[in-house]
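Reading through the structure tokens given below for one structure.
The shown structure was predicted, so the numbers you read here are calculated from the model rather than taken from an experiment. First listed ligand is number 1; within each ligand, the first listed atom is number 1.
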Amino acid sequence: MNAPEELLSIATRVAHEAGAHVLHLIANDTPRADLRAQAGRKSTRTDLVSDADRESEKVIVRRLGELRPHDGVLGEEGARKASRSGVDWIIDPVDGTVNFLYGFASFAISIAAYEKGTALCGVVYDPLRDETYRAASGIGAFCNEHRLEHDGRQAQLAEALVGTGFGYASSRRRAQSELLPTILPQVRDIRRQGAAALDLCYVAAGKLDAYYEAGLQPWDRAAGLVVAAEAGCTQFELDLGHDLESTLVVCRPELERPLGDLLLRAAATRQSLCG
Ligand code: IPD
Ligand code: CA
């Protein structure tokens with residue numbers, strides 16, 4: 001049985017177990033600088049992997065293997081397993097690794113289930129705040145027991161709090177920074193929280209009005225997108241030019257047009273100034 005609700009309850013249980021494990025790793029007050037010194041580098045010098053990432057992924061993969069032995073797995077830290085049931089789990093064992101390693105309170109465990117590319121459920125668990133964002137197709141989105149849905153307010157772009165993120169490759173970072181001079185004067189403010197999965201859930205919860213980022217990996221977005229979609233947010237992709245080809249945008253529905261136009265304007269300005 002691949003019922004979304006059943007998978008959601010498994011994902012929630014497993015995310016809570018992984019979150020407890022991650023909290024346990026920092027419970028002994030190991031200085032964050034030591035955690036950083038022990039961390040390894042991945043794609044670039046800025047892209048880090050800690051013991052927490054590796055151990056959290058192990059916990060998740062082991063538990064999913066016990067509970068759903070025929071399902072496939074795609075994990076950020078390397079877990080790969082082909083599916084025999086049609087269901088695939090997409091895992092970010094710690095989204096917000098840099099925050100975790102510096103003691104910034106924004107990181108989360110992100111787990112989603114998809115069947116042949118269609119989202120079934122997603123869970124994003126913030127263990128420090130004990131907030132569980134979860135959603136399954138057809139049942140809606142929740143933060144803990146609170147249902148997430150549009151609040152009925154018609155937000156204006158000029159008053160919108162917009163989240164974004166930056167990749168780890170320096171060329172993409174430069175491209176992302178080149179959009180900001182056009183965007184920042186047109187919105188209330190920009191937030192760079194450092195955890196894409198939470199950014200997506202924050203749009204669902206109304207803590208952000210919109211979020212955009214280029215170059216996200218499947219594990220950064222899989223679970224948060226289910227939460228945002230079930231909460232009634234709009235999601236689409238834009239090609240904003242070199243290094244920003246697949247820019248994901250998630251926002252309150254009424255911001256789709258004005259934010260889309262602003263991002264395209266920012267891309268055109270970047271193109272004319274930076275070539
Ligand atoms: C990163 C965070 C960050 C986003 C990056 C992601 P990680 O994931 O979500 O906010 O801007 O694009 O790679 O490395 O912390 O799992
Ligand atoms: Ca991660």
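A cation-pi geometry, defined here as NZ or CZ lying under 6.0 Å from the six-membered ring centre and within 45° of its normal, does not hold between R174 and F166. Because its NZ or CZ atom is both nearer than 6.0 Å to the ring centre of F142 and within 45° of the ring axis, R134 counts as a cation-pi partner of that residue.
Here Q193 has no heavy atoms under 4.0 Å from ligand 1, in either its backbone or its side chain. At a heavy-atom distance under 4.0 Å, no atom of Q217 approaches ligand 1. Looking at A196 against ligand 1, both its backbone and its side chain come within 4.0 Å, counting heavy atoms.
In this structure, of D95, V94, V98, the residue bringing a heavy atom nearest to atom 8 (O) of ligand 1 is D95.
For V94, the nearest N, O or S atom to the Ca ion (ligand 2) falls under 3.0 Å.
Ligand 1 lies less than 4.0 angstrom from a heavy atom belonging to Y168. Using 4.0 Å as the threshold, R192 has a heavy atom nearer than that to some atom of ligand 1.
Ring-plane geometry between Y133 and Y202 is classed as tilted, the angle between the planes lying from 30 to 60 degrees on a 0 to 90 degree scale.
For the Ca ion (ligand 2), the nearest N, O or S atom contributed by E76 is named OE1. Counting just the N/O/S atoms of D92, the one with the shortest distance to the Ca ion (ligand 2) is named OD1.
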